[in-house]
Peer 1: 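Before we start, here is the structure in question, set down as structure tokens.
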Amino acid sequence: MNQRKAGAVLSYTSMGIHSLIGFIYIPMLLLFLNKEQFGLYQLVGSMIAYLLIMDFGLANTTTRYYCAYLANGEKEKQENLLATMLILYGVISALIIAAGIIFFHFLTPFYYGVLSSADILNAKKMFYILLFNAAITVPSNIFTAIINSRERFIFARCLNICNTVIQ
């Protein structure tokens, strides 16, 4: 079976596993967290999700141009593209951290009176952890783009499945 067909099969497998784990993960999370803590986790997660939008779909752009340069054998342009994207992703990570720090300082005033001080403290802890995760995750998108550009779909989809299961 070639990379594309196997990649397609693994993509559907990944979606199925992701859905199945969602059905298992949420009840387990509710078992370990109470409803308030779970709601807090969702609130903080949605804030971080807004910061992750700063990726601007650059992984798809990287894939597109890297594929074009790869097909034309333009090695120097491939290297320049990757260097540019690495710098750009570094800047985006810095912006995510800066915006995250700003959001972090507004957590207490914004949610004062709505959340208890213990919940605000827990939200800040969660926020720091998820912000750190976001700052690391965004630059790793360049590697996913390279793997997809080189049509290593089996590896990419297996990595995605492993990531979902390990989560």
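In this text the structure is predicted, and so the values were computed from the model without any measurement.
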Peer 1: Within 45° of the ring axis of Phe104 and under 6.0 Å from its six-membered ring centre, is that where the NZ or CZ of Lys124 lies?
Peer 2: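 Ring-cation test returns yes.
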Peer 1: With a 4.5 Å limit on heavy-atom distance, are the side chains of Asn122 and Tyr41 in contact?
Peer 2: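 Not touching, per the 4.5 Å side-chain cut-off.
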Peer 1: Determine whether Tyr66 and Leu88 fall in the same hydrophobic cluster, where Ile, Leu, Val, Met, Phe, Trp and Tyr are linked whenever their side-chain heavy atoms lie under 4.5 Å apart.
Peer 2: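 In one cluster with Tyr66: Leu88, yes.
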Peer 1: So, do Tyr89 and Asp55 sit near enough that their side-chain heavy atoms are less than 4.5 Å apart?
Peer 2: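 When only atoms from C-beta onward are counted, Asp55 and Tyr89 do touch, with a gap below 4.5 Å.
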Peer 1: Heavy atoms, side chains only, cut-off 4.5 Å: are Asp119 and Ser116 in contact?
Peer 2: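 Contact flag for Asp119/Ser116 side chains = yes.
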Peer 1: Has Asn34 got a side-chain atom pairing as donor or acceptor with Glu36's backbone, closer than 3.5 angstrom?
Peer 2: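 Looks like yes, one N/O pair under 3.5 Å.
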Peer 1: Taking atom CG of Asn163 and atom NE2 of His18, what is their separation to the nearest 0.5 Å?
Peer 2: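 Going from CG on Asn163 over to NE2 on His18, the span is 10.0 Å.
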Peer 1: Would you mind reporting whether Glu76 and Asn80 have side-chain heavy atoms less than 4.5 Å apart?
Peer 2: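 Touching, per the 4.5 Å side-chain cut-off.
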Peer 1: Any side-chain heavy atom of Met126 sitting closer than 4.5 Å to one from Leu131?
Peer 2: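 Heavy-atom side-chain distance check fails, nothing below 4.5 Å.
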Peer 1: Atom CG in Leu29, atom CD1 in Ile24: separation rounded to 0.5 Å?
Peer 2: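 It is 13.5 Å, given to the nearest 0.5 Å.
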Peer 1: Measure the CG-CD1 distance between Leu10 and Ile161 for me, rounded to the nearest 0.5 Å.
Peer 2: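 Between atom CG of Leu10 and atom CD1 of Ile161 there are 5.0 Å.
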Peer 1: I'd like to check Leu70 versus Arg150 (side-chain heavy atoms, cut-off strictly below 4.5 Å). Are they in contact?
Peer 2: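 They are in contact (side-chain heavy atoms under 4.5 Å apart), so the answer is yes.
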Peer 1: With hydrophobic residues grouped by side-chain heavy-atom distances under 4.5 Å, do Tyr111 and Val44 end up in a single group?
Peer 2: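 Yes.
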Peer 1: What are the two closest non-hydrogen atoms of Ala135 and Ser93, and how far apart are they?
Peer 2: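 Nearest pair, atom of Ala135 first, then Ser93: O-OG, 3.1 Å.
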Peer 1: With side chains defined as the heavy atoms from C-beta onward, is the minimum distance between Leu58 and Asn141 less than 4.5 Å?
Peer 2: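 They are not in contact (no side-chain heavy atoms under 4.5 Å apart), so the answer is no.
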Peer 1: Is it the case that over 12 heavy atoms from other parts of the model lie below 6.0 angstrom from the OH atom of Tyr65?
Peer 2: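 Atom OH in Tyr65 is not crowded, with 12 or fewer foreign heavy atoms closer than 6.0 Å.
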Peer 1: Let me check something: do Tyr25 and Phe38 share a hydrophobic cluster, defined by ILVMFWY side-chain heavy atoms less than 4.5 Å apart, either directly or through other members?
Peer 2: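 Yes; Phe38 is reachable from Tyr25 via cluster members.
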Peer 1: Indicate whether any N or O donor in one side chain lies under 3.5 Å from an N or O acceptor in the other, for Asn160 and Ser14.
Peer 2: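 The answer is yes; a qualifying pair exists.
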Peer 1: Report the distance from atom CZ of Phe155 to atom CD1 of Ile147, rounding to the nearest 0.5 Å.
Peer 2: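 These two atoms lie 4.5 Å from each other.
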Peer 1: So do Ile97 and Phe132 actually touch side chain to side chain, heavy atoms under 4.5 Å?
Peer 2: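 Not in contact.
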Peer 1: What are the two closest heavy atoms between Val138 and Leu52, and how far apart are they?
Peer 2: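 Looks like CG2-CD2, 3.5 Å.
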Peer 1: From Lys125 NZ over to Ile120 CD1, what is the distance, rounded to the nearest 0.5 angstrom?
Peer 2: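 Going from NZ on Lys125 over to CD1 on Ile120, the span is 13.5 Å.
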Peer 1: Dump the intermediate steps for side chain to side chain contact (heavy atoms under 4.5 Å, CB included) on Ile136 and Ser140, then the final yes or no.
Peer 2: CA-CA 7 Å; Ile136 291 172; Ser140 71; 5.9 Å; no
Peer 1: What's the shortest heavy-atom distance between Ser11 and Arg157, and which atoms?
Peer 2: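 Shortest heavy-atom contact: OG-NE, 2.9 Å.
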Peer 1: Please say yes or no: joined through hydrophobic side-chain contacts below 4.5 Å, possibly via intermediate residues, are Ile129 and Ile96 part of one cluster?
Peer 2: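 No.
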Peer 1: Given Leu115, which partner from the list Thr108, Leu40, Leu107, Leu121 fulfils the side chain to side chain contact (heavy atoms under 4.5 Å, CB included) test?
Peer 2: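 Exactly one candidate clears the test, Leu40.
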Peer 1: Could you go through Met85 and Ile146, starting from their C-alpha distance and side-chain angles, then the distance that decides it, and tell me whether this counts as side chain to side chain contact (heavy atoms under 4.5 Å, CB included)?
Peer 2: CA-CA 11 Å; Met85 288 301 167; Ile146 294 168; over 6 Å; no
Peer 1: Does Met47 share a hydrophobic cluster with Leu95, counting links as ILVMFWY side-chain heavy atoms below 4.5 Å and allowing steps through other members?
Peer 2: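 In one cluster with Met47: Leu95, yes.
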Peer 1: Closest heavy-atom contact between Ala134 and Ile48?
Peer 2: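 Smallest interatomic distance, heavy atoms only, reads CB-CG2, 3.9 Å.
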Peer 1: Please round to the nearest 0.5 Å and tell me the distance separating atom OG1 of Thr164 and atom CD1 of Ile21.
Peer 2: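 If I round to the nearest 0.5 Å, the distance is 6.0 Å.
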